[in-house]
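Read through the structure below, which is laid out as structure tokens, and then see the notes.
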Amino acid sequence: MRLLRRHILRTLAAPFFFSLAALTGMLMVNQLARRFGDLVGKDLPGSVIFEVLALSIPFIIALTLPMAVLVAILYGFSQLGSDSEITAMRANGISVFQMLRPVLGAGLLITAVNFLFVDQILPRTNARLKSLQGNIGRKKPAFQMREQAINDLNVYFIRASRIFAGSGRLRDVTIYDLSPADARRVIYADSGQMSFDQNQVDLILYLYSGVVHEFKPSVPGQVQLTRFITNTIRVRDVQNLLDRNTAIYDKGDREMSTCEMMDEVSRSRQAAVQAERRRGELVEQDLRALMGLAAPVRRSRTTDTAVVRHCGLWRTFEDKIELWLLPEEAHAQSPTPAPAPAPPNAQAPGQQPARPPIQQTPIVPVVPPPAPVPQQPVPQQPAVTVTTTPNPVIYTTPAEVLAARDDARATRARVNQYLVEIHKKYAISVACFTFVLIGVAMALRFPRGGMGLVIGGGLVVFAIFYIALTGGESLADRGYVTPAVAMWISNVTVGIAGIVGLIRVNREFGSTRGGDLGDFFESMFGWLRRRRRET
């Protein structure tokens with residue numbers, strides 16, 4: 001049995017690595033075609049372009065690894081079937097489940113490795129790629145300027161009807177200058193030229209044949225016009241160089257591990273509880289106002305703002321991976337603590353000790369008590385009836401109700417979003433195991449399918465799995481189904497189909513007769529033909 005296990009695993013190893021490399025390369029070419037124009041147009045060095053493409057590989061591998069498992073299973077077992085090795089094994093009393101045992105072990109191993117990759121390495125590389133893309137987006141705004149649109153350059157907003165790519169020439173330029181604190185300035189020019197200074201930091205605009213409109217709010221009804229033939233504007237701190245800022249942007253669900261998303265789920269649930277409590281208090285306030293009851297005495301609640309951390313000791317392992325994959329952030333230098341103030345009677349070095357001050361007892365003068373004043377009778381005043389007007393009823397404004405409702409909905413949507421991403425990590429990893437089940441069942445049922453079965457059957461399974469996964473994600477984000485059901489329905493469907501197929505194949509004796517691609521399509525779509533004949 002040991003030789004048999006090694007033979008099956010060796011048969012599957014070569015198509016697995018080949019399909020993984022081929023599928024990853026195909027998707028990588030797609031990514032390169034999409035980003036090539038933006039990267040080359042930025043005049044980036046080759047090392048930065050290579051880094052962007054290298055950081056895109058982990059996301060592609062997360063998709064192609066389950067696909068490579070299915071392709072390897074279909075091709076390997078189809079090859080064993082076409083060479084009559086499956087028939088020889090069955091003739092020697094080896095059942096399907098004995099053949100399946102080493103493959104299931106390899107599938108479990110790939111599932112564990114894939115989960116560690118998706119949960120630990122992929123979020124860090126996504127965060128680093130997001131930071132690098134932000135740095136690239138701030139480089140050389142001349143290549144990002146769009147025609148017939150307002151482009152933001154610090155305190156200047158520039159619009160040009162025509163931009164000549166590569167030369168920096170502009171035609172029909174309008175600049176909104178917000179730099180003056182006490183005025184607003186609009187500059188119109190017939191043409192212009194853009195270039196960077198020698199340090200490649202400041203952007204210099206040369207404008208030709210134009211006029212400047214300047215308006216001061218302190219002098220209403222007056223606009224100052226200044227015509228010019230040549231005007232030069234320097235825009236500070238517009239870098240043409242790539243600023244490799246290591247600060248990480250706000251992390252989204254794609255840049256977090258499972259433990260970090262569980263922390264966010266706890267925080268979002270606390271925020272949802274507070275929003276629902278606020279909404280209930282508003283309803284109670286309106287009901288009491290309608291019934292004329294006094295407002296309830298509410299005790300001040302302390303908001304639980306403690307940071308919830310899950311996974312315990314596993315977070316130490318995550319922190320080490322983060323230090324390995326992400327650049328180290330610079331820490332601010334802690335200020336030197338100021339010396340403690342000296343007491344008022346402290347002795348300075350080299351100074352004689354001061355004598356203690358003489359305490360004198362203050363003299364308090366004795367004041368005689370005032371003479372008693374005779375009381376005079378108080379005249380009787382007529383009774384006055386005081387009528388109190390009740391306070392006007394104050395109801396909750398619609399803005400407060402809508403704000404409380406929107407807060408509750410937003411926090412619930414955030415919880416669903418993080419739960420969907422958590423279940424997706426597990427679902428994609430477990431797909432490596434369920435694809436083993438369905439792949440072996442299809443390969444043994446159609447042993448002579450060949451490359452047609454590998455391509456056609458693989459595409460059918462991929463389509464069913466990923467359509468159910470992406471469709472379930474959209475439904476779960478909107479709250480129509482629970483995140484667990486949305487993410488696991490594809491695995492459950494493929495897994496049940498694989499188990500049922502393995503049971504049926506185990507009951508039948510394997511043979512190389514039949515089981516070709518035509519039989520496969522007859523099994524998949526034959527019921528349509530039979531139903532058409534009946535009608």
Inset, instruction - Find out whether R128 and E51 are in side-chain contact, i.e. whether some heavy atom of one side chain is under 4.5 Å from a heavy atom of the other. - result: yes

Legend entry - Sub-4.5 Å side-chain heavy-atom contact between P483 and H423: yes

Legend entry - Donor-acceptor contact present, side-chain T434 to main-chain A431, <3.5 Å: yes

Legend entry - Heavy-atom closest contact (G76 atom, T11 atom, distance): O-CG2, 3.9 Å

Inset, instruction - May I ask you to decide whether E276 forms a salt bridge with R412, counting only side-chain N to carboxylate O separations under 4.0 Å? - result: yes

Inset, instruction - Could you check if a side-chain atom of L70 sits within less than 4.5 angstrom of a side-chain atom of M67, using non-hydrogen atoms only? - result: no

Legend entry - Side chain N126, main chain E255, donor-acceptor under 3.5 Å: no

Inset, instruction - Heavy atoms only: give me the nearest L453-F446 pair and the separation to one decimal. - result: CD2-O, 3.5 Å

Legend entry - Side-chain touch Q120/R124, heavy atoms, less than 4.5 angstrom: yes

Legend entry - Set of ring-ring contact (aromatic ring centres under 6.0 Å, His included) partners for F465, sequence neighbours left out: F435

Donor-acceptor contacts under 3.5 Å from residues 17-30 side chains, at least two apart:
from, atom 1, to, atom 2, distance (Å)
S19, OG, P15, O, 2.7
S19, OG, F16, O, 2.9
S19, OG, A68, O, 3.4
T24, OG1, L20, O, 2.6
T24, OG1, T64, OG1, 3.1

Legend entry - Considering all heavy atoms, the nearest V118-A62 contact: CG2-CB, 4.1 Å

Legend entry - Result of checking I60, V52, I57 against Q31 for side-chain contact (heavy atoms from CB on, under 4.5 Å): I60

Inset, instruction - Would you indicate whether the side-chain heavy atoms of Q79 and Y75 approach each other to under 4.5 Å? - result: yes

Inset, instruction - For the pair T470 (side chain) and I467 (backbone), establish whether a donor and an acceptor sit closer than 3.5 Å, ignoring hydrogens and angles. - result: yes

Legend entry - Side chain N416, main chain D477, donor-acceptor under 3.5 Å: no

Inset, instruction - May I ask you to test the I86-M99 pair for a side-chain heavy-atom distance under 4.5 Å? - result: yes

Legend entry - Note: E147-R159 ion pair, threshold 4.0 Å (strictly below): no

Legend entry - Enclosure of F59 CZ (heavy-atom neighbours >12, cutoff 6.0 Å): no

Inset, instruction - Mark yes or no for whether E260, through its side chain, and S257, through its backbone, hold a donor-acceptor pair below 3.5 Å. - result: yes

Legend entry - Sequence-distant partners of K425, salt bridge (Lys or Arg N to Asp or Glu O under 4.0 Å), two or more places apart: none

Legend entry - Where T111 and C432 come nearest, the two heavy atoms and their spacing: OG1-CB, 3.7 Å

Legend entry - Pairwise side-chain contact, P66 with N114, heavy-atom cut-off 4.5 Å (strictly under): yes

Legend entry - Considering all heavy atoms, the nearest L437-G495 contact: CD1-O, 4.3 Å

Legend entry - 4.5 Å side-chain heavy-atom contact, E85 and H7: yes

Inset, instruction - Measure across E473 and A486 and return the closest heavy-atom pair with its distance rounded to 0.1 Å. - result: N-CB, 4.5 Å

Legend entry - Identified side-chain contact (heavy atoms from CB on, under 4.5 Å) partner of V436 from the options V103, I110, L12: V103

Inset, instruction - Indicate whether the side chain of T258 and that of D119 have a donor and an acceptor atom separated by less than 3.5 Å. - result: yes

Inset, instruction - Give a yes or no on this: more than 12 heavy atoms of other residues, nucleotides or ligands lie within 6.0 Å of atom CZ of F97. - result: yes

